[in-house]
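Worksheet: the structure to be examined is printed underneath.
Small disclaimer: the values here were computed from a predicted structure and weren't measured.
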Amino acid sequence: ASDNDFALAGRVTLTPYVKDQTLIHVGAGYADRADDRKTANIELAANIGSVSLQTEYFDEEQGQDDRDGYYAQVGWVVTGESRPYKDGKFKRIKPASENGAWEVFARYEDGNGNHSDIELGRVDAEAYSVGVNWYANSNIRIGMNYSEGESQELGSSDEGEEFRMRLQLTF
């Protein structure tokens with residue numbers, strides 16, 4: 001084994017405020033991978049009843065490449081459920097009725113990343129998404145979202161969009 005086979009990664013979280021169905025979550029992560037790639041991030045999230053807010057900033061260096069970016073997302077569970085939280089992680093929504101739970105969300109992102117889903121590839125871009133999730137029960141989620149974005153690369157006028165539908169089964 002060579003020195004390049006060593007990797008180190010970690011994440012810490014803190015929940016400085018918890019009361020009733022309101023909480024604030026703060027987290028940070030760092031990874032130094034075997035391919036000389038270093039990544040750091042900081043995250044902030046909150047639940048206020050049935051509304052969830054989250055944002056994250058990341059910075060990644062690999063050789064001469066330096067990438068960074070952020071996103072901000074807001075979601076509202078229209079049927080009133082709150083997103084469960086345990087041990088520094090947000091869990092999947094569990095419907096309170098046999099009719100399931102409905103969530104609407106909006107997201108904005110800006111930075112270097114893989115934007116292939118909206119046909120831009122791995123570039124510096126900005127994008128937004130709006131969508132809806134239906135949690136049929138604790139194990140089935142059907143989601144739909146629309147995303148649109150544009151390249152922020154100098155001299156580029158590339159734009160892309162996507163409509164996505166997803167069926168998620170969890171056990």
Side-chain angles (χ1 to χ4, degrees), residues 4-13 24-48 50-78 83 85 88-93 100-136 140-170:
N4 292 338
D5 292 337
F6 180 77
L8 172 71
R11 179 174 179 257
V12 295
T13 62
I24 296 174
H25 159 99
V26 179
Y30 178 79
D32 189 345
R33 293 185 170 50
D35 57 0
D36 196 32
R37 184 174 60 174
K38 295 178 173 87
T39 307
N41 74 300
I42 187 162
E43 58 196 62
L44 175 64
N47 262 4
I48 305 164
S50 61
V51 174
S52 62
L53 308 162
Q54 65 187 57
T55 187
E56 181 177 9
Y57 170 80
F58 77 91
D59 185 65
E60 178 181 81
E61 295 176 10
Q62 184 174 18
Q64 298 297 325
D65 293 332
D66 188 6
R67 297 178 281 274
D68 66 344
Y70 69 94
Y71 73 88
Q73 181 170 310
V74 61
W76 174 42
V77 184
V78 180
R83 185 170 303 280
Y85 180 85
K89 297 178 187 173
F90 288 92
K91 306 295 184 176
R92 63 181 169 260
I93 293 171
W102 289 89
E103 176 186 38
V104 293
F105 66 89
R107 175 184 172 109
Y108 174 80
E109 60 187 279
D110 189 344
N112 304 100
N114 187 351
H115 300 279
S116 296
D117 53 346
I118 54 174
E119 301 177 0
L120 295 177
R122 253 192 118 59
V123 297
D124 183 10
E126 69 175 353
Y128 73 88
S129 300
V130 292
V132 61
N133 290 313
W134 177 53
Y135 300 86
I140 299 173
R141 178 182 79 154
I142 298 173
M144 293 183 290
N145 68 284
Y146 172 78
S147 300
E148 186 174 297
E150 62 185 17
S151 174
Q152 298 298 303
E153 301 285 329
L154 287 175
S156 174
S157 61
D158 289 346
E159 296 179 349
E161 62 185 342
E162 172 190 63
F163 177 78
R164 177 179 291 187
M165 188 169 184
R166 176 180 180 179
L167 169 64
Q168 181 177 353
L169 305 173
T170 56

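Remark: E148 CD to E126 CD distance equals 10.5 Å, nearest 0.5 Å. A distance of 5.5 Å separates CD of E103 from OG of S52, quoted to the nearest 0.5 Å. For the atom pair I140 CD1 and I142 CD1, the distance stands at 7.5 Å (nearest 0.5 Å). To the nearest 0.5 Å, atoms CH2 (W134) and CZ (R141) are separated by 13.0 Å. In this structure, Q62 CD and K38 NZ are separated by 10.5 Å, a value rounded to the nearest 0.5 Å. Atoms CD1 and CD1, on I48 and I24 in that order, are 7.5 Å from each other to the nearest 0.5 Å.
Legend: residues meeting ring pair (Phe, Tyr, Trp, His ring centres under 6.0 Å) with Y108, ordered by chain and number and at least two apart, are absent. Partners of E43 under the salt bridge (charged side-chain N to carboxylate O under 4.0 Å, His left out) rule, at least two apart in sequence or in another chain, are R11. Listed by chain and number, the residues in a side-chain contact (heavy atoms from CB on, under 4.5 Å) with D66 are D59, E61 (sequence neighbours excluded). Under the rule for a ring pair (Phe, Tyr, Trp, His ring centres under 6.0 Å), Y128 has no partner lying at least two apart in sequence or in another chain. Residues passing the side-chain contact (heavy atoms from CB on, under 4.5 Å) test with F105, sequence neighbours excluded: N133, N145.
The two residues A101 and I93 come nearest to each other via the heavy atoms CB-CG2, 4.0 Å. For the residue pair H25 and G88, the shortest heavy atom distance occurs at CE1-O, 3.4 Å. Closest of all the heavy-atom pairs between A40 and Y30 is CB-CD1, 4.2 Å.
A donor-acceptor contact shorter than 3.5 Å is absent between the side chain of D32 and the backbone of L8.
A heavy-atom distance below 4.5 Å is not found between the side chains of Q168 and R92.
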Which side-chain N or O atoms in residues 69-77 pair as donor and acceptor under 3.5 Å with protein atoms at least two apart or in another chain?
| from | atom 1 | to | atom 2 | distance (Å) |
| --- | --- | --- | --- | --- |
| Y71 | OH | Q54 | NE2 | 3.1 |
| Q73 | OE1 | R107 | NH1 | 3.2 |
| W76 | NE1 | S50 | OG | 3.3 |

